[in-house]
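Since the model is a prediction, treat every value here as computed from it, not as a measurement. Chain letters run A, B, ... following the sequence lines, proteins first, then strands; residues in each count from 1.
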There are 2 protein chains.
Amino acid sequence: MAWILDDSRPIYLQIEDLIKANIIAGVYQPGQKLPSVRDLAAEAAVNPNTMQKALTELERSGLVYTQRTSGRFITEDVSKMTELKEQIAREQIQLFLKNMEQLGLTRDDIRRLLEKEWKEES
Amino acid sequence: MAWILDDSRPIYLQIEDLIKANIIAGVYQPGQKLPSVRDLAAEAAVNPNTMQKALTELERSGLVYTQRTSGRFITEDVSKMTELKEQIAREQIQLFLKNMEQLGLTRDDIRRLLEKEWKEES
DNA sequence: ATTATTGTATTACTTTATTAATACAATAGA
DNA sequence: TCTATTGTATTAATAAAGTAATACAATAAT
């Protein structure tokens, strides 16, 4: 895993995002055990508490769970994962629409702009 | 103007957003003079420095400009305003698409989800 | 039973961000 | 010219956030 961190944002948030992205992308498989807090911290070259913070935050999302003395695991509950993805997507969409509406854009404007963007991306 | 502020985010950011929204919505007309920093601060019941910070931030967007001793004005340059709106929209779109792609969603997924959201909103 | 490994809690240090008090500077307007 | 009004700069006070050091607790593994 590429622990590329900068100082634009808090370390623990960057770590959380990296791990979350890897889980969603399927790099970490359901049920898989994560390395220990200390190991992950060493890997990422951060203080264990910082890694701990990232992980407990991540846990609130339901993507991982803890077994007190054996470690942390990616949830096996694939439907929970799907559900979560959908929830995140919905939130993203609603935020996006709110922002666009604040700019005075109509639904058609938004449709048009998206297609334009995609066209330009190729 | 309704200076409804809470403590969820820094005051100066909330003020900046309020004013920006009003400009974009056309509540403040191009060329119009804004009240002085001190007057606005009194209106919003915040420290003048806080209002000052909100305004200088806002200025970076190009929506307002300053004349040293006569005050601040909404830009008369309507095309600049349009341009800015378009730029903000583009940024919003790109961020949105990046986030959605990270969730593994395709263009069709996105189209579908948007239409679904709009349908639900009625 | 003992030990090594796991996550957790507590506390303190440090840094950054936010807000506020105050003084300064420029000039429009009388 | 003088004064009131404008934005600005400087500095300090406060609060919040982030990171780190260290000790604790539970249990799986031996």
Between [N] atom [atom2] and [X] atom [atom1], what is the distance in whole Å?
| X | N | atom1 | atom2 | result |
| --- | --- | --- | --- | --- |
| A:Arg72 | C:dT5 | CZ | C1' | 14 Å |
| A:Asp7 | C:dT16 | CG | P | 9 Å |
| A:Asp39 | C:dT5 | CG | P | 10 Å |
| B:Lys33 | C:dA28 | NZ | P | 13 Å |
| B:Tyr12 | C:dT16 | OH | C1' | 11 Å |
| A:Asn47 | C:dT11 | CG | C1' | 13 Å |

**Prompt:** Taking atom types as modelled, is there a side-chain donor on A:Asp77 or A:Ser79 under 3.5 Å from an acceptor on the other?
**Reply:** yes
**Message:** Under a plain distance cut-off of 3.5 Å, with no hydrogens placed, do B:Ser8 and B:Asp6 share a side-chain donor-acceptor pair?
**Reply:** yes
**Ionic contact status for B:Lys98 with B:Glu101, cut-off 4.0 Å** = no
**Item:** Test: B:Asp109 and B:Arg112 ion pair at under 4.0 Å
**Value:** yes
**Request:** Mind running a 4.0 Å heavy-atom check of residues 53-67 of chain B against DNA chain C and sending the residues that fall below it, in number order?
**Result:** none
**Item:** A:Val64 and A:Leu55, any side-chain heavy atoms less than 4.5 Å apart
**Value:** no
**Prompt:** Are side-chain heavy atoms of B:Leu114 and A:Leu114 found at a separation under 4.5 Å?
**Reply:** yes
**Fill in**
5'-most contact on DNA chain C (nearest-nucleotide basis), A:Thr69 vs A:Asn49, goes to A:Thr69
**Request:** Check the pair B:Lys80 / B:Glu83 against salt bridge (charged side-chain N to carboxylate O under 4.0 Å, His left out), numbers first and verdict last.
**Result:** CA-CA 5 Å; B:Lys80 168 183 277 183; B:Glu83 206 176 285; over 6 Å; no
**Fill in**
5'-most to 3'-most nt of DNA chain D touching chain A (<4.0 Å, heavy-atom partner on protein side) reads D:dG18 to D:dA28
**Asked** What pairs with A:Arg68 under salt bridge (Lys or Arg N to Asp or Glu O under 4.0 Å), at least two apart in sequence or on another chain?
**Response** none
**Request:** With heavy atoms under 4.0 Å as the rule, sort B:Arg38 into base, sugar-phosphate or nothing.
**Result:** base
**Asked** With B:Leu84, which of B:Gln87, B:Glu86, B:Met81 fulfils side chain to side chain contact (heavy atoms under 4.5 Å, CB included)?
**Response** B:Gln87
